[in-house]
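What follows is a set of notes on a single structure, which appears directly below.
The chain is numbered in sequence order, starting from 1.
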Amino acid sequence: MASSAQSGGSSGGPAVPTVQRGIVKMVLSGCAIIVRGQPRGGPPPERQINLSNIRAGNLARRAAATQPDAKDTPDEPWAFPAREFLRKKLIGKEVCFTIENKTPQGREYGMIYLGKDTNGENIAESLVAEGLATRREGMRANNPEQNRLSECEEQAKAAKKGMWSEGNGSHTIRDLKYTIENPRHFVDSHHQKPVNAIIEHVRDGSVVRALLLPDYYLVTVMLSGIKCPTFRREADGSETPEPFAAEAKFFTESRLLQRDVQIILESCHNQNILGTILHPNGNITELLLKEGFARCVDWSIAVYTRGAEKLRAAERFAKERRLRIWRDYVAPTANLDQKDKQFVAKVMQVLNADAIVVKLNSGDYKTIHLSSIRPPRLEGENTQDKNKKLRPLYDIPYMFEAREFLRKKLIGKKVNVTVDYIRPASPATETVPAFSERTCATVTIGGINIAEALVSKGLATVIRYRQDDDQRSSHYDELLAAEARAIKNGKGLHSKKEVPIHRVADISGDTQKAKQFLPFLQRAGRSEAVVEYVFSGSRLKLYLPKETCLITFLLAGIECPRGARNLPGLVQEGEPFSEEATLFTKELVLQREVEVEVESMDKAGNFIGWLHIDGANLSVLLVEHALSKVHFTAERSSYYKSLLSAEEAAKQKKEKVWAHYEEQPVEEVMPVLEEKERSASYKPVFVTEITDDLHFYVQDVETGTQLEKLMENMRNDIASHPPVEGSYAPRRGEFCIAKFVDGEWYRARVEKVESPAKVHVFYIDYGNREVLPSTRLGTLPPAFSTRVLPAQATEYAFAFIQVPQDDDARTDAVDSVVRDIQNTQCLLNVEHLSSGCPHVTLQFADSKGDVGLGLVKEGLVMVEVRKEKQFQKVITEYLNAQESAKSARLNLWRYGDFRADDADEFGYSR
């Protein structure tokens, strides 16, 4: 045992029994206990000690299963109270004992004292004094110990204690119940409320035999959610412990055996009950996991009522420290850097229903598979028509719903990715195709686990693993719980209703069907679509949900670089920037909801038209980013002006397809211009807006009455059918109506949407801009669209002058122009065209004075010298005016001619 001591005495006297010490592990009956030593590197030694000179009643025994004729033996009267008396007094306490007698069979009899020496409480005397044991029959009191026992018994008889009380003691006999007829009903009847119990036996670290009080049900309880190493029974009847089985059993025994506990009955498995054992010092389930004595098990963790995440966390704690059964553990993501384990990425594409393609901050693309889930699949034998090609997205039940759920939730959004494991590549077999290496992760957005949401809607199922397979989702229990809910509620794949059928017609390349379909799409105007695939920068595959069909769509009005193509016998290389154009289109529109306008079709049955994403024209965007050129077929389109403007801006940047563009020098066109005379045909206009860079917007006086009539009719229409506040969702590039500060509605175009509260609009008939909340916007009625009356505000710039680069000087010039001409009628003559907008001269309607020349005379601007012959007379007049302003030191010239030394610094050129 743990220690022993030799009592003193003279060498000539009788031998004094050796005093030994130990800790009480178990009370077998009112007169027998098992003591153990202190553990040293494993479970300690044990020995059974029987109390000398006394006898207590025998406890009930169940008939052996190998003896069918044998019957259960009940408790003897007062046997259980005697056992309980010792259990409560001794379990887990240190005692000392002396061995007085040992039988040939090895049974040891002796005296037991509570404490570290024989001065402690004599357990045998205490039992007899409480009337829970008697002196052995025929024993004569011939020594002090036996005399004290005799005295204790007489006192108990006199006080009528225990077995000496009136009656036969039948009330102390337990009605033990070894089996339960309906375990499920028994568990449910307790409603997961704690039941008082005594742990009678520990089979292994996670399986115990418990006595449920007060009804004395003797049941086997398996700890919910975990499993400890067990003892394997061999053919010869012996038991072989698995690694750490003995240690796990001792861990549980030393804390629970014959302790008062509470058990939450959670479920049942055959005659065994699944439950959680609660002790004042803690939860043994979590402790076993934390110390590395147990592992979580999926089949029972779902019924654990105190939070499965706590068990997983405790197991993770042991794994990280490689405790006991995890001593050889290697984490599934051990070889990954922290930045590769957890990161934020933008979702670019959804693949079927269990994988997504994300764009990392580095710009790289990565395919992420959702951990531990399986997408919908065809059940049983191949029920598909063998002559018809399988289209998984539409032909596998619920695959389309699952893909759509992910697409609408994720496309274009940033998500948090936590890598759970890397599934290595696997070769193909007869039944399973080959798989490349897969990165499996938990993906969340706004705190929602996407895989869990998918499973809870019945749009995916949870993969079941071997118990020792650690390559699984870090939220596996939540996935199992979500699946259980989906099954219970009959969601999706678990529904008993008929599966949804998607009859999607693919008319890509089918010329006959395309011809029949073309008039319908042309009449529809703008149709909603989803981009299913991007072949190249200007060639896409679209799904039209209202028409339930797939079409190939070519962008109109542009000439996009051709991509590489595999032709019979050779590979045709792609044109420069074809890959960049394809990537640009993919990132912008793949799997997004768009609007398309179909104009025509080609010989191969492909539709040609315009595609709009968030109000922007994709053809214009490709031209704007120098990834396409304008095609001559765009001339008859209403988007031609936008395309030309975008192309001109791209040319100036000299990037990508315009990298080698050389602008034609002015000198080359001079011979043609020399033959021309300056055209001076002034037309009346009304100046409505002056911009900060000295451009201005005008309305044509001749069409002014048309605008007034349209505005009057539009406001009457709006008054009778006012827009519902907040019902309009603005999109960039879209025409709308906007309420100005005067409370009236005007036609406008959305230029930018920062938020619902900040929408940038441009008033197309007046040229001014404003930032408004979306509640002050509405849909432009078709009867008042730009097709009925084009936008009336036209942008122009002053010819022959340079706008000051200095902010203060430019402000002075703008203020002067605003004072002179804003909201007044003037005469306008177009002098020359330039990128951006036409350059003009403007005259006051009454005096016919040149507004630009007036700015030069006041020294507010400088002259822009042009070499064309037809302008020389005007330029000379402007230069003379500039010299006069310089002489008078007006405004820009108040410090003299600054251009000689530091013109570049001031941003001017002579």
Side-chain angles (χ1 to χ4, degrees), residues 333 336-373 375 401-423 437-457 459-460 473-476 478-479 482 529-534 540 580 582-595 611-616 618 621 625 729-733 750 752-760 774:
T333 57
L336 293 178
D337 293 335
Q338 186 58 37
K339 64 181 176 60
D340 295 327
K341 287 182 186 177
Q342 284 187 311
F343 52 87
V344 176
K346 185 178 180 182
V347 179
M348 305 308 297
Q349 187 180 359
V350 175
L351 306 173
N352 290 334
D354 67 336
I356 57 176
V357 177
V358 299
K359 186 178 182 181
L360 308 176
N361 290 335
S362 62
D364 295 332
Y365 286 77
K366 190 176 184 69
T367 300
I368 301 291
H369 291 261
L370 298 178
S371 300
S372 301
I373 68 167
E401 285 77 8
R403 197 291 299 265
E404 283 297 275
F405 174 80
L406 293 180
R407 184 185 68 78
K408 291 176 180 177
K409 199 95 174 167
L410 300 181
I411 283 295
K413 307 281 181 60
K414 288 202 169 181
V415 295
N416 295 297
V417 180
T418 303
V419 177
D420 295 319
Y421 56 95
I422 306 292
R423 190 173 174 182
E437 184 180 87
R438 294 182 174 191
T439 300
C440 299
T442 297
V443 177
T444 61
I445 181 170
I448 297 171
N449 181 344
I450 290 301
E452 185 182 349
L454 203 61
V455 170
S456 68
K457 290 182 177 293
L459 299 176
S473 168
S474 52
H475 296 269
Y476 189 69
E478 288 95 320
L479 296 182
V530 176
V531 179
E532 290 290 356
Y533 192 78
V534 175
L540 312 98
E580 287 86 341
T582 304
L583 188 61
F584 176 84
T585 301
K586 265 188 180 178
E587 290 196 0
L588 198 63
V589 302
L590 182 59
Q591 291 188 337
R592 310 289 180 97
E593 290 168 8
V594 299
E595 290 181 323
L611 184 145
H612 304 271
I613 173 80
D614 296 330
L618 180 56
L621 290 174
H625 287 81
R731 291 183 176 181
R732 187 162 69 92
V750 179
K752 182 180 178 183
V753 182
E754 278 187 46
S755 67
K758 285 188 177 182
V759 182
H760 297 247
S774 60

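- Of all heavy-atom pairs between A453 and I448, the closest is CB-CG2, 4.2 Å.
- The shortest heavy-atom contact between V534 and K586 is CB-CG, 3.6 Å.
- Of the possible donor and acceptor atoms, none in the side chain of N416 sits under 3.5 Å from a partner among the backbone N and O of Q342.
- Once rounded to the nearest 0.5 Å, the distance linking CZ of F584 with NE2 of H625 reads 4.5 Å.
- Rounding to the nearest 0.5 Å gives a distance of 9.5 Å between OG1 of T418 and CG of N449.
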side-chain contact (heavy atoms from CB on, under 4.5 Å) between M348 and L590, intermediate numbers included: CA-CA 7 Å; M348 305 308 297; L590 182 59; over 6 Å; no
Before you tell me yes or no, could you show the steps for K408 and E593 under side-chain contact (heavy atoms from CB on, under 4.5 Å), namely the whole-Å CA-CA distance, both residues' side-chain angles and the distance that decides it to 0.1 Å? CA-CA 9 Å; K408 291 176 180 177; E593 290 168 8; 4.1 Å; yes
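- To the nearest 0.5 Å, atom NZ of residue K346 and atom CD1 of residue I356 are 13.5 Å apart.
- In terms of heavy-atom proximity, I445 sits nearest to I450 at CG2-CD1, 3.5 Å.
- More than 12 heavy atoms of other shown residues, nucleotides or ligands fall within 6.0 angstrom of atom CZ in R592.
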Before you tell me yes or no, could you show the steps for E587 and K359 under side-chain contact (heavy atoms from CB on, under 4.5 Å), namely the whole-Å CA-CA distance, both residues' side-chain angles and the distance that decides it to 0.1 Å? CA-CA 9 Å; E587 290 196 0; K359 186 178 182 181; 2.9 Å; yes
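- Listed here is the closest heavy atom pair of D420 and S474: OD1-OG, 2.9 Å.
- Looking only at side-chain heavy atoms (C-beta outward), N361 and F343 stay at 4.5 Å or farther from each other.
- Considering every non-hydrogen atom in both S473 and Y421, the closest pair reads N-CE2, 4.0 Å.
- The environment of R732 atom CZ is sparse: at most 12 non-hydrogen atoms of other residues, nucleotides or ligands sit within 6.0 angstrom.
- Here CG of L351 is found 7.5 Å from CD of Q591. Values are rounded to the nearest 0.5 Å.
- In plain terms, the two heavy atoms of L479 and S371 that are nearest each other are CD1-O, 3.7 Å.
- A distance of 10.0 Å separates CG of D614 from CD of E595, quoted to the nearest 0.5 Å.
- Here the straight-line distance linking atom CG of N352 with atom CG of L406 works out to 10.0 Å at 0.5 Å rounding.
- The side-chain heavy atoms of D340 and V419, taken from C-beta on, include no pair separated by under 4.5 Å.
- Formation of a donor-acceptor pair under 3.5 Å by the R407 side chain with backbone atoms of V350 is not found in this model.
- The backbone N or O of P756 lies less than 3.5 Å from a partner atom in the side chain of S774, making a donor-acceptor pair.
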